[in-house]
Amino acid sequence: MPHPVPLDAPEVVEGVVDHLLYVSYDERTVLRLTAVTGDEEGITAVGRALFGVRPGESLRLHGNWVHHPRHGRQFRAEQCERTMPADERAIRFYLGSSMIRGIGPVLASAIVDVFGEQTLKVIDADPQRLLEVHGIGQIRLGRITAAWQEQKAIAEIMVFLQGLQITPALAVKIYTTYADTDDDPMRIVRRTPYRLCRDVRGVGFINADKIALAVGIPKHSDARLQAALLHELDQAGANGHCHLPVRLLIARTRQLLTDDDPASVEILDDAVLRQALAALHGQGEVVIETLPLPVLDGTDALTDTEIAMLPHRHRDETQLASHVRRLLTSTPALSGLAPWAEHVAALTGAETAGLTDEQHKAILTALTRPLSILTGGPGCGKTHTLQTLVDLAEQADAVVALAAPTGKAAKRLEETCGQPAMTVHRLIRPADGDSLFDHASVLETADLVIIDEASMLDLALARRLFAALRDGCHLLLVGDTDQLPSVGPGRVLRDLLDVEGIPRTRLTKVFRQLDEGAAITLNAHRILRGERPREDPKVFWNRPVSSAEDIAERVVDLVCELMPKHFGAGPEDIQVLCPGKKNVAGMTDLNLRLQQRLNPPSDDRPQHYHGGAAFRLGDRVQQVRNNPHRGETGVFNGSSGSISAVDTETHQLTVTFHDGEVATYPFIDLDELVHAYALTVHRSQGSEYPYVIVPMVSAAGMMLLQRNLLYTAVTRARHGVMLIGQTDAVERAIANNRTQRRNTALTHRITHDPAAV
DNA sequence: AAATTATG
C-alpha cells in the first residue's frame, strides 16, 4: 500500500494573471488566473500573498484548494513566486497584458508568432530583432526594452532584500508599493529605508532598521530616531494603550535603540529624542498634548501629563468623545412614544415577577435616556432584562436593533431576544446600493440600539458605531467590565462608566449559583479585589502541582476519571480552559492528550488528518471563524459541538453544534475548526460550562497571567472550578491587574468639551 | 501572548 498523502498538503498552481477581481483594504486579493498546470483553465486565487500582482504576471502559487460557499472552488495562496513565463501561451499573456504601454494582445501575439518560446530571450539579449515584427518601430522597441529593464530591476531589488533575510513575499511587497510611483523603489530602499515602516504594511521598525544599517544609514540619524519613536507608539497600541506619556515614550525608545548598543546611551539622551519627537509632531505624524490624566499608580489623582498619540488614534478618541456628547444632549426618539414609566411600573404583574428594582431601573433608563449602560457579572439577569426591554419597546412600535462585537455574542443575543441580531461591523456597514441586505437601513430607522458584550468594543469600533447613530437614537451598552479587555486599544466601556453624566445600572443581585455555586461567585469577587480564592469542599478546588508535565497529566486524569467519579460529571460537562496555547499545559498539547484518552483512534471511528491533528468521529470541536453560509443558519466563531459523521468517500465531515445547528465541512475547510477539549480562556468568553479546570503554569508569562483572565475563567463555571498548577502562577495572576491600566484620555475628552473652553 | 471583524 502506498503511503497515504495527506490531502491538505500544500499544492502548487502555476499560471498567468488574467485580471484582478477584488483587493480589500487589508490587502486580501482575489484574482483570476489562466493556469498552465492542471486541467482547469480559469482559476480563482485568493490571499494576502497575492497583493500587488498585476495582470500578465506569471505566478507560481503554493497553497490549498478550498470551497467558497458563494464563489465555488478556489485556490487559497499562502505563498506567491513570480516566474518567467515559460511557454508560448504564457508569454502571450505576459506581453499582451497592460504591463507595457503600447502593446496589446494583438501585437503581443504577433511578436510571439515570430519568436515563439524564444521571445523573452530575444527581448533580453537581442532586442533589435524585434524590429523584424510587423508593426514594431523604434518607439515601441524602446518601450519594450524599458519595460524589460524594469523586470530586471525587480530581480535586483529582490536579491538585495533577500540578502538581508527579508522574506521574498515581503520583498515583493516593498517593490510593488513603489512600482507605480515616480520613485525608484531601489532608491527609496537605499536612501530612505525608514519610509518603509509607514508605506508598506508588514515592514516594521525591525525590518526597516535591518535594511537601514545595511545600507549605511547612521545609527543616530533623525530618520532612525523618528522611526523608533513611531514604532514604540504603535507597540503601545498593540498593548491596548491609546497614548503614551512622553516621558515613557522617550524612555522606551532609548531602550529600544541602546539595548544592544550600550555605546549610544550617552548620545541618545532625552534632548535628542525629544527633538526627534518634536519633528514628528511638526510633520503631523504624532499628536502631542498636555491633559490632566489620572496617574496610574493607584491613587488616580489627576496630573497634567504630556502625552503622545498616533494621529488616527487621536482622531478616533476625539471624535468618539464628541459623538458621546452629541448623543447625551440629543432629544431621545422614544420620549413621546409611550408613557414608559407607567409601562415599566406595570411590569410588576405576575408574569414578570422576579424583575428586581435595579432591572426596572435599567429598562426605564434605556427607554427614556439616549445613552445608558447596563453592567453586571454572569448570572445577574442581564438576559432577562434585555428580553423585557425589547418586548416593551416593540409593543410600542419602536424599532430595535441588536448587535454585538463578535458573531457568537450576536447569535446568543438573537436567541435570547427572539429577534435578529448582527455583529456591530455589519450594523454600521455603509449602504453600498447593490447589497441584497442593506444593513445601513437598520440604523436609519432604529430608535433603540442595544450592544451586548460591550466590553469588547475597542476605540476604533466604538467611534464608528457612535458616528453611525442618528440624533435621538437610544443606545444601550450592556457588558461586564471585569472580563477580558478589547483586543484593540482602549477600554471604552470603563471610560464611559467614568463619565458621571452617563446613566448606568449595575445589576448586583446574583440569581444563578445561589445554592451550589455561591463559592464561585464569591471567589470571583475575591479575585477582582486581588485576594486569593478560598477552597470550598463542594465547588472550588486548588491543587498545587509544580511541574508543567505533571499538571498536564493530572488534568487528563481529572477530566477522564477523578471528576466523573467524585462528582458524577461526565467528561462532556468539564471544560479545560488554558491561559495560553503553547507549552505542555497549554491548549494545543492538552487537546492532543485529552483526545487520545477520551476519543482514541479506533476502527469504527473514521478520521481525517488536517493541520497536524486528526479530526475523528466523536471529537469535540469549536468553530473559529464566522461563516454565515455554513449550515442552515450559519456557524459563528465560538460555536462548539461534536463531529457526528466523517465520510472519507466524499471527503467531508459533519458537526452537530450544541445550539442544534448541523453543518457539513469538506475536509479542505477544516481550518475553520479546532479541537475543543481544551480551549483558551479568551475563546471561552461568553460561554458557560458545568465544571471548569484551569491549568496554571508560570511559563504562560506575565502578559497572559492576569487578574481579568483568571476572573473570566472562573466565572465560566456553574458548578465547580478546579485551579491546578503552580501556586505562584495563581498568585501572580491575581496580583497582575495591568489590563486595567490602559492609557486613554476618553473620559477627559468627553467631560471637557474643547468647544466650550 | 492572545484575539476581533470583513471583503469578490
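In what follows, chains carry the letters A, B, and so on, assigned in the order in which the sequence lines appear, proteins first and then strands, with residues in each chain numbered from 1. Atom set for the values below is all heavy atoms of this structure, side chains included, hydrogens, waters and symmetry mates excluded.
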Undergrad: From B:dA6, B:dG8, B:dA3, pick the nucleotide closest to the side chain of A:Lys581?
TA: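 Per side-chain heavy atoms of A:Lys581, the pick is B:dA3.
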
Undergrad: Show the numbers, then the answer: is there a salt bridge (Lys or Arg N to Asp or Glu O under 4.0 Å) between A:Arg82 and A:Glu14?
TA: CA-CA 10 Å; A:Arg82 314 290 157 117; A:Glu14 286 183 52; over 6 Å; no

Undergrad: Whole angstroms only, please: what is the CG-P distance between A:Leu704 and B:dA3?
TA: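 It is 9 Å, rounded to the nearest whole Å.
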
Undergrad: Would you kindly check whether a donor in the side chain of A:Asn637 faces an acceptor in the base of B:dA3, or vice versa, at under 3.5 angstrom?
TA: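 Side chain to base: no pair below 3.5 Å.
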
Undergrad: From C-beta outward on A:Thr44, which listed nucleotide comes closest to its side chain: B:dA6, B:dG8, B:dT5?
TA: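 Nearest to the side chain of A:Thr44 among the choices is B:dG8.
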
Undergrad: Drop me the distance from A:Ile527's CD1 to A:Ile734's CD1, to the nearest 0.5 angstrom.
TA: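 So the CD1 of A:Ile527 and the CD1 of A:Ile734 are separated by 5.5 Å.
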
Undergrad: Once you round it to whole Å, what is the distance between C1' of B:dA6 and NZ of A:Lys408?
TA: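 Those two atoms, NZ and C1', are 20 Å apart.
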
Undergrad: What is the nucleic acid contact for A:Asn627, judged by heavy atoms within less than 4.0 Å: base, sugar-phosphate only, or nothing?
TA: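 The residue A:Asn627 makes no contact with any strand.
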
Undergrad: Starting from P on B:dT4, measure out to CD on A:Glu672 and report it in whole angstrom.
TA: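 Atom CD in A:Glu672 sits about 14 Å away from atom P in B:dT4.
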
Undergrad: Where the side chain of A:Arg683 is defined as all heavy atoms beyond and including C-beta, which of B:dA3, B:dG8, B:dT5 is the nearest nucleotide?
TA: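 Taking heavy atoms from C-beta onward, the closest nucleotide is B:dA3.
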
Undergrad: Would you mind telling me which of B:dT5, B:dA3, B:dG8 lies closest to the side-chain atoms of A:Thr423?
TA: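 Looking only at side-chain atoms, A:Thr423 lies closest to B:dT5.
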
Undergrad: When you measure from the side chain of A:Asp18 to the backbone of A:Arg32, do you find a donor-acceptor pair of N or O atoms at a distance under 3.5 Å?
TA: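 No, the answer is negative, given that no donor and acceptor are paired below the 3.5 Å cut-off.
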
Undergrad: To the nearest 0.5 Å, what is the distance between OG1 (A:Thr481) and CG (A:Leu496)?
TA: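 So the OG1 of A:Thr481 and the CG of A:Leu496 are separated by 11.5 Å.
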
Undergrad: Roughly how many Å is it from CE in A:Met456 to P in B:dT5, rounded to a whole number?
TA: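 Computing the A:Met456:CE to B:dT5:P distance gives 9 Å.
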
Undergrad: A:Gln622 CD to B:dA3 P: how many Å, rounded?
TA: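 One finds 10 Å between P of B:dA3 and CD of A:Gln622, rounded.
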
Undergrad: Is the charged tip of A:Arg76 near the ring of A:Trp65: under 6.0 Å from the six-membered ring centre and within 45° of its axis?
TA: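 Because its charged atom misses either the 6.0 Å distance or the 45° angle limit, A:Arg76 does not stack over A:Trp65.
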
Undergrad: Looking at A:Thr680, I'd like to know whether one of its side-chain N or O atoms comes within less than 4.0 Å of OP1 or OP2 on B:dA3.
TA: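 Checking B:dA3 against A:Thr680, a side-chain N or O does come within under 4.0 Å of OP1 or OP2.
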
Undergrad: Tell me what A:His682 touches on the nucleic acid: a base, only sugar-phosphate, or nothing, going by heavy atoms under 4.0 Å.
TA: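 The answer is sugar-phosphate, as A:His682 gets under 4.0 Å only of primed atoms, P, OP1 or OP2.
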
Undergrad: Reading DNA chain B from 5' onward, which residue's closest nucleotide shows up sooner: A:Val30 or A:Gly407?
TA: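 Closer to the 5' end of DNA chain B: A:Gly407.
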
Undergrad: Choosing from B:dA3, B:dT5, B:dA1, which nucleotide comes nearest the side chain of A:His425?
TA: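 Of B:dA3, B:dT5, B:dA1, B:dT5 is nearest to the side chain of A:His425.
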
Undergrad: Check every strand shown and say whether A:Glu27 touches a base, only sugar-phosphate, or nothing at a heavy-atom separation below 4.0 Å.
TA: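 No contact.
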
Undergrad: Atom CG of A:Leu427 to atom C1' of B:dA6: distance rounded to whole Å?
TA: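 So the two atoms are 15 Å apart, to the nearest Å.
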
Undergrad: May I have the distance from A:Asn626 (atom CG) to B:dT4 (atom C1'), rounded to whole angstrom?
TA: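 Going from CG in A:Asn626 over to C1' in B:dT4 covers 9 Å.
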
Undergrad: Nearest whole angstrom, please: distance from the P of B:dA3 to the CD of A:Glu453.
TA: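 These atoms are roughly 16 Å apart.
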
Undergrad: Look at the side-chain N and O atoms of A:Arg426 and state whether any lies under 4.0 Å from the OP1 or OP2 oxygen of B:dT5.
TA: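 Answer is no, no contact under 4.0 Å.
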
